Number of protein chains: 2
Amino acid sequence: MSAEEILSKRLAAWSAMGFDAERCPVRNVLDRIGDKWPTLILIVLAAGPKRFSALGRAVPDISKRMLTQTLRDLERDGLLTRKVFPTKPPSVEYSLTALGRSALEPMAALVEWAERRHPEIEAARARFDRDAEAA
Amino acid sequence: MSAEEILSKRLAAWSAMGFDAERCPVRNVLDRIGDKWPTLILIVLAAGPKRFSALGRAVPDISKRMLTQTLRDLERDGLLTRKVFPTKPPSVEYSLTALGRSALEPMAALVEWAERRHPEIEAARARFDRDAEAA
DNA sequence: ATAGAGCAGTCTCTAAATGAGACCAATCAT
DNA sequence: ATGATTGGTCTCATTTAGAGACTGCTCTAT
């Protein structure tokens, strides 16, 4: 099945369910993993488990607030686990679950696409901006 | 190369460039196509060209404001083209470019993942919420 | 002829999400 | 004693998204 067919089929299916965002996997699931921070966190954890502040260092421009929230969301979705070690001060380790690891494959495909097409997209943007300025 | 390797490699590369969001393809490109509305618009256009209000009807809960903005962004990125026909009232047709169509494949992979894993994710959420309530 | 609807948007106002950064208690190194 | 690190929470300001009125033009139905 071609990509067009798959996507059009999905669209039809969820049009049939009245576009209920609660029940539609695309909105429900991709809203989360398509997002900026969740994506980055999953990529960082692809290399192995990391602790809270190590994640913060690995993604320097995320705020602690967003880091906490993103980790909670991903934990709730079962994509990663949170293990607290009763050291002092406590250390908390985050690691991908099997489900989380299974997300890496489609994500890698998307990242590769982004890399490969980045120059074209940059060129398109430059063209668009130049044309807009000319008008 | 495994998904882990690909992603870790990308992470390292862009860590080396100081996490500059401007130059990093992942942030730069995926911020757009990973997002909710752009994804949905591209999926709708996968079936063929559509006009502005047809797109609005196909994605009923997008506001005109967001629809306009999303279409402009995608046009700027070279993923779709906007053709104005000088009818009265003017009709405007949006269609995917080759670049836009090339995005469908990785997107379809992600959508298929989302569909396949949706039940697991739902179950994980239910478990998480139950445990949180118990505590 | 005239009211209503559709076209492709723009504009404004409000509501929600995000980011920046102070603060917490405990512990270790200097 | 000072400062740093641990994993967060909390508040406040900024940014972003959403709801919906409004535009000018045309076609249709009454």
Side-chain angles (χ1 to χ4, degrees), chain A residues 19-22 24 26-28 30-41 44-45 49-77 80-95 128 132 135, chain B residues 19-22 24 27-28 30-41 44-45 49-77 80-95 128 131-132 135:
Chain A
F19 288 91
D20 182 351
E22 294 303 310
C24 167
V26 182
R27 332 227 8 193
N28 206 328
L30 291 189
D31 265 15
R32 189 131 13 257
I33 90 145
D35 230 27
K36 182 168 70 175
W37 299 131
T39 306
L40 294 180
I41 296 299
V44 171
L45 287 178
K50 286 231 160 14
R51 292 169 53 179
F52 184 85
S53 28
L55 285 168
R57 280 187 296 269
V59 185
D61 54 348
I62 192 174
S63 64
K64 290 174 153 226
R65 190 180 158 282
M66 272 296 104
L67 181 55
T68 304
Q69 199 175 111
T70 303
L71 289 169
R72 287 284 176 285
D73 286 346
L74 292 173
E75 186 195 359
R76 185 171 108 96
D77 285 359
L80 54 80
T81 52
R82 177 175 180 271
K83 250 169 286 181
V84 183
F85 297 96
T87 57
K88 299 214 168 164
S91 59
V92 180
E93 192 183 75
Y94 294 90
S95 44
F128 185 91
Chain B
F19 287 91
D20 181 353
E22 295 302 309
C24 167
R27 330 221 17 184
N28 205 326
L30 290 190
D31 265 16
R32 197 150 339 279
I33 92 145
D35 230 27
K36 180 168 70 175
W37 300 130
T39 307
L40 293 180
I41 296 299
V44 171
L45 287 178
K50 284 230 162 16
R51 293 169 52 179
F52 184 85
S53 29
L55 285 167
R57 280 187 295 270
V59 185
D61 53 351
I62 192 174
S63 66
K64 287 172 157 235
R65 190 181 158 280
M66 272 297 105
L67 180 55
T68 304
Q69 198 175 112
T70 303
L71 288 169
R72 287 285 174 286
D73 286 345
L74 292 173
E75 186 195 359
R76 185 170 108 97
D77 286 0
L80 54 79
T81 52
R82 177 175 180 272
K83 250 170 285 181
V84 183
F85 297 97
T87 58
K88 300 214 169 168
S91 59
V92 180
E93 192 183 75
Y94 294 90
S95 45
F128 185 91
D131 292 354

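Just so we're clear, the structure is a prediction, and the values are computed from it rather than from any experiment. Labels below follow one simple rule: chain letters A, B, ... track the order of the sequence lines, proteins then strands, and each chain is numbered from 1.
For DNA chain C, the contact window with chain A, defined by any atom under 4.0 Å from a protein heavy atom, covers C/dT18 to C/dT27 in 5' to 3' order.
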- Please report the C-alpha distance between A/Thr68 and A/Phe52 in whole Å, then the side-chain angles of each, then the deciding distance to 0.1 Å, and finally whether the side chain to side chain contact (heavy atoms under 4.5 Å, CB included) criterion is met. CA-CA 8 Å; A/Thr68 304; A/Phe52 184 85; 3.7 Å; yes
- Query: Should A/Thr70 and A/Leu40 be marked as a side chain to side chain contact (heavy atoms under 4.5 Å, CB included) after you check the CA-CA gap, both sets of side-chain angles, and the distance that decides it?
  - Reply: CA-CA 10 Å; A/Thr70 303; A/Leu40 294 180; over 6 Å; no
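Checking the phosphate oxygens (OP1, OP2) of D/dT6, a side-chain nitrogen or oxygen of A/Arg57 falls inside 4.0 Å. Taking only side-chain nitrogens and oxygens, B/Trp37 never comes nearer than 4.0 Å to OP1 or OP2 of D/dA17. Between D/dT5 and A/Ser53, no contact under 4.0 Å exists linking OP1 or OP2 to a side-chain N or O.
Residues satisfying the salt bridge (Lys or Arg N to Asp or Glu O under 4.0 Å) test with B/Asp73, not counting sequence neighbours, are B/Arg32.
Between A/Arg51 atom CZ and D/dT5 atom P there is a gap of 13 Å when expressed in whole angstrom units. Taking atom CZ on A/Phe52 and atom P on D/dT5, their separation rounds to 15 Å, with Å as the unit. As rounded to whole Å, 10 Å separates atom P of D/dG18 from atom CD of B/Gln69. In this structure, B/Lys36 atom NZ and D/dT16 atom P are separated by 16 Å, rounded to whole Å. Atom NZ of A/Lys88 is separated from atom P of D/dG8 by 16 Å (rounded to the nearest Å). When the C1' atom of D/dT26 is taken as reference, atom CZ of B/Phe85 falls 18 Å away, rounded to whole Å. Between A/Lys83 atom NZ and D/dG7 atom C1' the separation is 17 Å, expressed in whole Å. When rounded to the nearest whole Å, the span between CE of A/Met66 and P of D/dG8 equals 15 Å.
Between the CD1 atom of B/Ile62 and the CD1 atom of B/Ile41 there is a distance of 4.5 Å, given to the nearest 0.5 Å. Between the CH2 atom of B/Trp37 and the CG atom of B/Asp61 there is a distance of 4.0 Å, given to the nearest 0.5 Å. Atom-to-atom distance recorded for B/Lys36:NZ and A/Asp35:CG is 10.0 Å, nearest 0.5 angstrom.
Applying side chain to side chain donor-acceptor pair (under 3.5 Å) to B/Tyr94 and the options B/Glu75, B/Lys50, B/Lys83, B/Arg82 leaves one that passes, B/Arg82.
Which of D/dG7, D/dG18, D/dC10 sits closest to the side chain of A/Arg65 comes down to D/dC10.
Nearest-nucleotide positions on DNA chain D for A/Thr68 and A/Pro89 put A/Pro89 closer to the 5' end.
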